[in-house]
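Note that the structure is predicted; figures quoted are calculated from it, not measured. Just the heavy atoms: all of them, side chains too, but no hydrogens, waters or symmetry mates, feed the values below. Just so it is clear: chains get the letters A, B, ... in the order the sequence lines come, proteins before strands, and each one is counted from 1.
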Amino acid sequence: MTAGTAHIGMREYGHDAREAARAAVMLSPAVLFYVIFFGVPMLSLLVLSFWHVEGFDIVADFTGANYQKIASSGLYRDILLRTIGLGLLTAAITVPIAFTLSYLMRFVFPHKAQFILQLVLVSLFSGYLVRIYAWRTILGKQGLLNSALQWLGAIDRPLEYLIYSNFAVIVTLTGLLLPLAVLPIYSSMANISRDHIEIAADLGSRRLHLVRTVLIPMALPGIRTGFAFTFLLAAGDFVTPSLVGGSQSIMIGNVIADQFRGTGANWPLGAALAFVVMAAVMLIVIVITHLIRRVTRW
Amino acid sequence: MIPAVEVLDVGKSFGPFVALDSVNLVVHQNEFVSLLGASGCGKTTLLRIIAGFESPTRGQVKIAGEDVTAQPPHTRPTNIVFQRGALFPHMSVRENIGYSLKLRKWPKARIDEQVDRMLALVRLDGFGDRDPQKLSGGQVQRVALARALACEPRVLLLDEPMSALDLKLRQQMQLELRALQRRLGATFIFVTHDQTEALVMSDRIAVMNGGRVAQFATPRDIYRSPSSVFVSDFIGQTSLIPCEIVAAANGIAALRIASGAIVQASMARGLPVGAKAVLSVRPESVRLSAMTATLPEAALTGDIRDVIYLGPSTRVSVAIHPSLLVWAELRDEEAVGLSPGVKVSVSWAPEAALVIEEGAPS
């Protein structure tokens, strides 16, 4: 079944009030789950962000001091901006790769698509930390890449910036997040048939024009989801920068994590930071997806 | 006048599979031509070669006298409509139809004007701002048609554009499409597996079989004078009876069939006496009459097998030989008293039956 027919089914659903009521009843377990396991923790974190720390104790009151501190701190702002920059760069690299891969799977090697999809999924099974360490062995000073380049004679001594740098963070994040971008983009490409591409070509469109006016708009739901996944997860990551990043790769996730552990812990400040990051990141996702739609609007 | 489309000795193989085997086809300007055949006969491949989606393994395609064999689809003066409209779901009806015009950088006002003209042409005035997902199957195909016609192609190619529609709608759209083609004075090449559709709409029909054009002629000629057993069998209903020529004069041949009976049929090609051939007779030409004692010995007789009531007519099969059935299509009053097992004599006017050479190329 295509998404199109499902869509029509949904619309017909809405016409009948009784059907809608039944749908609400059937959805209620999911809603309940969502409220308990997402809504409640988020709300308690929000409340926490207005408390403050005295000595080693958390004091329950209502103060905007945490937010004031964040707003007035140049350090937090710089780290936040860098986080957003790295996240955007990661998404901007990952999404086009995922789009290209999805296109190849859908239209160039359709009979191998299932196999490629399995490979993509297997990489998800192999665990987050394992994959980061795998990248360390590739990018390290005596790693695969440097050794190979040296063996080929392309370089005399190991490239320093391959590891413990922003470059390493972006490469690793791209590698980690690619499957999460491929899955939604590939599935939204199922709506595009060869007929659409041939018709567009027949009417005079080609290459980039075809990509811009037909492929991207028709895969847009998947692209949006893929972009949101990669950007949100990249911007929220703190393990990757601490394992392959350098001194200039500290991301806001590291700062937030530090507020919840160790000696300098400050849960209310961490909570406030988390909400600031969430707001900023959500705003960016909204703006960017809107921009993508604008640029690709026919 | 330069032909609209010339397909010259075109062949196409996909690996070891031969999809087209030396096809020649010349389509005149303003002509409505159908490519008719069962699935796998190569009709869609031929259409896709004319459109430029496939390149032929050998041969040449000319459009309006120009060799376009090496040209990609977007530079050819052809546009195509598929079986399922393939409208762009993210564009309104208006944007779909105007797609090729905007691409050609027409000014906005001219695009709007042309799109309105196209909407009127396919009788969808006022549907411009609709979302393609909210259209019925017939409307989708009309929009697809309007979109293909918007930039005024010399040749419109249609790949079974109505086969996904239900019968009533299909019949209505057949007439509309025919009228539209006459009004536009454009060349249409229409692929279909539905012989009625081809007969209703076409100026000429190319009946295809096994990657070849079996016959290319007007609907009347295809029906009345099929050039081969295949065409005769494929178009309409017919009874095919193996026979041997015993005499011939003035285009009429006397034939002996397996039961020993002697019958007559018209013979376009002069086949020699003694030659084996196939006799083709349409059900509507066959007359049945009750047995009388005065029939000549060589008359054709048989037992009625089945009587099928079809509404306007009744179809009756008669076994003229243990393994040979002749079908007759009778009006209601002619079928009175006919029931399985009844012995009847079978006859037809010689000019209504046709002798076809047995080994005629199919």
Under the 3.5 angstrom rule, does the side chain of A:His196 hit a backbone N or O of B:Leu87 as a donor-acceptor pair?
->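 Such a contact is found between A:His196 side chain and B:Leu87 backbone.
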Under 3.5 Å, side chain of B:His90 to main-chain N/O of A:Thr213, donor-acceptor pair present?
->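 Side chain of B:His90 to backbone of A:Thr213, a donor-acceptor pair under 3.5 Å: yes, one is there.
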For B:Arg76, is it the side chain, the backbone, both, or neither that has a heavy atom closer than 4.5 Å to a heavy atom of chain A?
->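 Looking at B:Arg76, nothing touches chain A.
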Which pair of non-hydrogen atoms, one from A:Leu203 and one from B:Ala148, has the smallest distance, and what is that distance?
->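 The pair with the smallest heavy-atom distance is CD2-CA, 4.4 Å.
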Return the option, out of B:Pro153, B:Pro89, B:Ala150, with the maximum number of heavy-atom pairs under 4.5 Å with chain A.
->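 Answer, by heavy-atom pair count under 4.5 Å with chain A: B:Pro89.
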Can you tell which of B:Arg84, B:His74, B:Arg104 has the highest number of heavy-atom pairs within less than 4.5 Å of chain A?
->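 That would be B:His74.
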Around atom [atom1] of [X], are there more than 12 heavy atoms of other residues, nucleotides or ligands at under 6.0 Å?
X        : atom1 : result
A:Leu208 : CG    : no
B:Phe127 : CZ    : yes
A:Met42  : CE    : yes
A:Arg131 : CZ    : yes
A:Leu119 : CG    : yes

How many angstroms lie between atom CZ of B:Phe53 and atom CD1 of A:Ile199, to the nearest 0.5 angstrom?
->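 Those atoms lie 6.5 Å apart.
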NE2 of A:His209 to CG of B:Leu103: how many Å apart, nearest 0.5 Å?
->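 It comes to 4.0 Å.
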Under 4.5 Å between any side-chain heavy atoms of A:Asp202 and B:Phe82, yes or no?
->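 Result no, sub-4.5 Å side-chain heavy-atom pair not found.
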